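Everything quoted here is computed from the prediction, not taken from an experiment. Letters A, B, ... mirror the listed sequences (proteins, then strands); counts begin at 1.
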Protein chains: 2
Amino acid sequence: MQRSKIKDIFNASQAGGDVLVQGWVKTRRSSKSVTFIQITDGSTLQDLQIVVDEANPGHDAASGLTTGCSVSVEGTLVESPGQGQKYEVQAKSLEVLGGSDPETYPLQKKRHSPEFLREIAHLRPRTNTFGAMARVRNSMAYAIHSFYQERGFQFIQTPIITASDAEGAGSMFQVTTLDMANPPKNGGQVDHDEDFFGKPAFLTVSGQLEAEIFALALSDVYTFGPTFRAENSNTSRHLAEFWMVEPEVAFCQLDGLAELAEDFLKHIAGHVLENCAEDMAFFNKWYDDSTIATLEGIANAQFERIAYTEAVDLLLSSGEKFEFPVAWGTDLQSEHERYLTEKKIQKPVIVTDYPKDIKAFYMRMNDDDQTVRAMDVLVPRIGEIIGGSQREERRDVLEGRMSEAGMSHD
Amino acid sequence: MQRSKIKDIFNASQAGGDVLVQGWVKTRRSSKSVTFIQITDGSTLQDLQIVVDEANPGHDAASGLTTGCSVSVEGTLVESPGQGQKYEVQAKSLEVLGGSDPETYPLQKKRHSPEFLREIAHLRPRTNTFGAMARVRNSMAYAIHSFYQERGFQFIQTPIITASDAEGAGSMFQVTTLDMANPPKNGGQVDHDEDFFGKPAFLTVSGQLEAEIFALALSDVYTFGPTFRAENSNTSRHLAEFWMVEPEVAFCQLDGLAELAEDFLKHIAGHVLENCAEDMAFFNKWYDDSTIATLEGIANAQFERIAYTEAVDLLLSSGEKFEFPVAWGTDLQSEHERYLTEKKIQKPVIVTDYPKDIKAFYMRMNDDDQTVRAMDVLVPRIGEIIGGSQREERRDVLEGRMSEAGMSHD
């Protein structure tokens, strides 16, 4: 018989008929005449109840099952008399595929701390929390691809190992095949002629440079892959390794980019709310009861768009006491961003036209000669979630900006 | 006006109506009364012809256009009187967005060698070859995701930076933030306590170990991301960095795995033939006139399945002269694989049940105690394209195999 996933079983239009289900035991309780087993197969947050009657030859095995055992069950799909679940399976046969010693198996029917789960990384995907994270992450990743594919963007894979630094030196991991204890040297310096690529190599911090090249041939492209930062900064906003999305769009000005960013975030938030409702309800219940409201706010709001100068005015006239002072020309801090999006405007905000001196040299200069066509997308409870810019296409202006920044034109 | 991609223009159901197109000039030819421009925007292999009449104020600018210039054109979509293309655009206005100096712009209307294009990597995506590669690669990547998503697999992102070696030491890149010229030392060895992760770290060669862990909680998972090999081997089958797909399936035996592999390859080949017909026709014409036939052979054939022992018998009785001798117990060489799939069986072949001594210790032992439940998928003109195995689930057998291999059980 073809295996059914538990998710598909709960989506069945009616009970009746035989199914084969395979998964891992969450809990088991036995009476003399019947054993109830809750099993999960990771396809959904919901466990499926298996009922094994005393008369069933598998009852002895079933009554000895403990958390973590894996089983294969054939049985009849019946409506569940209990509350909270639609169907259960009346077992016809049960096979124990893998045992689990209750004395040593570390997951039990209780909440485990993230710190404890970190020590049993090989088992934590079996917990509700990590299962839900994996399913939501999967759903978002596919939604990211679908969003761009539907708009005719080409997904490109930019190099991970690179010799170029997109964001300024000092935060990159070096990659080498040399013996670090005794590297070949030349005049006191490590001789990278003998290294794998014949020169120093690093892990990429951004696919932007390669994506720009492809956008100047294919019009609309995006990357979605791992990037790396060697900053030794342990905050919730820093990771050494993380997956990032980078679209690059030719023939597009800042307004078009802001529209793309808004459409993108709404698509992702809406997709997760629709396709991961159970998992999101789990997070909303156990972790943060504003989770769903935050996503709904992104999916349903029309994003506000304000210029940086206007944002600074709002902050200065707010009467709020900020830790970092607000002044035109300085970057917005998290507390400023969160005031704007959570308190003042109370929905996602796209801040545009930042002072040129706090943004990259390649962003398009406005006619005021003071601000550039950059944008940051701020959303409630998260803060900055997307940054972007229209590039300077006027060669003379770009070369002027490079001279100001002390960069070579060659 | 909303920009139209050239691909969408050629897919329009009828001529008539105004369009805005933006792209890069491939060629331009002018007469006194009219200028014809071929432009590309990378959305399709086909160029779009723009016709600019003498009476149009943009005609002067148009008549000076050279290869590589970028333009924005508004005009009317009309049926093309010329052969080979359906529509062209009668320009109403034309704006030159970016110039291109014909003295220095290196791409011209001729074939450029791959070696030459390597030196202008920032421009090669504009060539037909690299554009087609990018579009086919994009299409295949999305087909890979769609295939697994439709089957309820979860996409997981496994770590790139890792301390574990899935394939045996010696072929990994090391990752460090230490000063390689003067690394801190302890007893003559590099002191990785001071390195970013507090111990030696490397680039992953496979996400298999992490994917197995997730499969044992979520049932069906796959990875699709970059992996790395530091083998200094310059062949068409070795890359330092490449994207790999790794599915891991719980509750699945070798037959199910072989079926998944066959379905997967057919899906990808069929998808590319259907969705990238123009680009594949380009490769078939200019690079290898068996390209499409090879993909059709994958998409339409029922894959043959034979055991390794049978494969060896076929090779021994073939009468072929091989460079490497054939003997039961040795691995199949490329020439052997290609004989089987191209000459003898003439379609894709899944070879199963390899001798245990040439496969990994964790593959499930057959009852003959000599072969294991491994498979390699061989396809004509490519050879081995997928390798996989059913894992040994019997703990005593697995520990026996580990002892044989001199591995610690802890």
Does [X] reach the side chain of [Y], with side-chain heavy atoms less than 4.5 Å apart?
X: B/S43; Y: A/S219; answer: no
X: B/F228; Y: A/V175; answer: no
X: A/I161; Y: B/L203; answer: yes
X: B/L97; Y: A/E393; answer: no

Roughly how far, to the nearest 0.5 Å, is [atom2] of [Y] from [atom1] of [X]?
X: B/M133; Y: A/I156; atom1: CE; atom2: CD1; value: 12.0 Å
X: B/Q157; Y: A/N138; atom1: CD; atom2: CG; value: 8.0 Å
X: B/F242; Y: A/I160; atom1: CZ; atom2: CD1; value: 13.0 Å
X: A/T176; Y: B/F202; atom1: OG1; atom2: CZ; value: 11.0 Å
X: B/I144; Y: A/F155; atom1: CD1; atom2: CZ; value: 9.5 Å
X: A/L20; Y: B/F251; atom1: CG; atom2: CZ; value: 10.0 Å

Quick one: of A/A141, A/S72, A/S146, who has the most non-hydrogen atom pairs under 4.5 Å with chain B?
A/S146

Please determine, among A/G131, A/P159, A/C252, the option with the most heavy-atom pairs under 4.5 Å with chain B.
A/P159

Sort [X] into side chain, backbone, both or neither according to what part of it lies under 4.5 angstrom from a heavy atom of chain A.
X: B/F130; result: neither
X: B/P200; result: neither
X: B/V71; result: backbone
X: B/E241; result: side chain
X: B/A121; result: backbone
X: B/T227; result: neither
X: B/Q22; result: both

For each of B/K185, B/E210, B/K7, B/R137, tally heavy-atom pairs with chain A at distances under 4.5 Å, and name the one with the top tally.
B/R137

When only pairs under 4.5 Å are counted, which of B/V221, B/L218, B/D220 shares the most heavy-atom pairs with chain A?
B/L218

Within the distance-only criterion (no hydrogens, no angle test), does the side chain of B/R126 pair as donor or acceptor with the backbone N or O of A/L216 below 3.5 angstrom?
yes

Should the ring pair B/F196 and A/F173 be called parallel, tilted or perpendicular, given that the plane angle runs from 0 to 90° and is split at 30 and 60?
perpendicular

In terms of relative ring orientation, are B/Y142 and A/Y142 parallel, tilted or perpendicular, with 30° and 60° separating the classes?
parallel

I need the minimum non-hydrogen distance between B/A215 and A/W24, along with the two atoms involved.
O-CH2, 3.3 Å

Quick check on B/K26: does its NZ atom have over 12 non-hydrogen neighbours (other residues, nucleotides or ligands) under 6.0 Å away?
yes

For atom CZ of B/R395, decide whether the heavy atoms of other residues, nucleotides or ligands shown that lie under 6.0 angstrom number more than 12.
no

Quick one: what part of [X] sits under 4.5 Å from any heavy atom of chain B, side chain, backbone, both or neither?
X: A/T127; answer: neither
X: A/R135; answer: both
X: A/Q149; answer: side chain

Ordered numerically, the heavy-atom neighbours of chain B under 4.5 Å found in residues 186-195 of chain A are A/G188, A/V190, A/H192

